[in-house]
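The structure under discussion appears below in the form of structure tokens.
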Amino acid sequence: MQHWLFKSEPETFSIDDLSKRPKQTEHWDGVRNYQARNMLRDAIKKGDQGFFYHSSCEIPGIVGIFEVVKEGYGDHSALDPESTYFDPESTSANPRWYMVDIKLVKKFPRIITLQEIKQHPKLSEMLITRKGNRLSITPVTTKEWQTILHLAENNKA
DNA sequence: GCCAACGTTGGC
DNA sequence: GCCAACGTTGGC
């Protein structure tokens with residue numbers, strides 16, 4: 001099983017929004033970056049888990065865990081002319097963009113903040129800490145995954 | 001196929 | 001709101 005980190009702006013879609021969805025499940029649409037697309041299409045598997053990260057907000061950081069419940073399939077928002085994610089080059093037969101379905105596993109009792117991640121010796125190499133890193137989906141190593149779980153469960157920095 | 005201009009992301 | 005980083009676009 002592999003681990004991932006998905007970024008979302010909480011004003012657009014937060015972990016609380018996910019928790020309110022039917023079955024606490026939602027499709028992760030709107031990714032329009034080829035590197036992230038390739039991960040959605042090829043690398044992210046059913047059963048993989050990931051961190052839900054809040055970006056562009058007051059306290060950016062990891063707020064919980066999700067599980068992938070459906071592997072990559074065509075992002076239908078690219079087919080909708082009304083959508084901000086519309087892409088006339090994408091078709092249902094030959095989709096340019098992909099999405100997965102995710103289900104909430106748990107919301108952490110506290111935010112594991114970006115500041116804390118940067119300061120932690122075992123986490124300072126995470127892709128999320130790199131200045132200018134704008135990839136909305138990044139892989140997380142097993143060691144990083146376990147370190148963050150430990151931080152969240154101990155409920156302290 | 002180079003590269004400047006432009007747009008977007010996202011922390012601060 | 002500023003600005004650095006970086007992906008994308010388009011002229012040549």
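Throughout, a chain's letter reflects where its sequence line sits, starting with A, and its residues are numbered from 1.
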So which pairs with a foot in residues 51-68 of chain A pass side-chain hydrogen bond (donor to acceptor under 3.5 Å, both in side chains), sequence neighbours left out?
A:Gln49-A:Glu67
If the condition is ring pair (Phe, Tyr, Trp, His ring centres under 6.0 Å), which residues does A:Trp4 pass it with, not counting sequence neighbours?
none
With sequence neighbours excluded, residues passing ring pair (Phe, Tyr, Trp, His ring centres under 6.0 Å) with A:Phe108
none
Holding to ring pair (Phe, Tyr, Trp, His ring centres under 6.0 Å), I want the full list of residues that pass it with A:Tyr98, two or more places apart in sequence or in another chain.
none
A:Arg130 CZ to C:dA5 P, straight-line distance once rounded to whole Å:
14 Å
For nucleotides 7-12 of chain B, just jot down a letter per nucleotide in 5' to 3' order: B, S or -, based on protein non-hydrogen atoms under 4.0 Å.
BBBBSS
Apart from A:Phe86 itself, what residues make up its hydrophobic cluster, given side-chain heavy atom links below 4.5 Å?
none
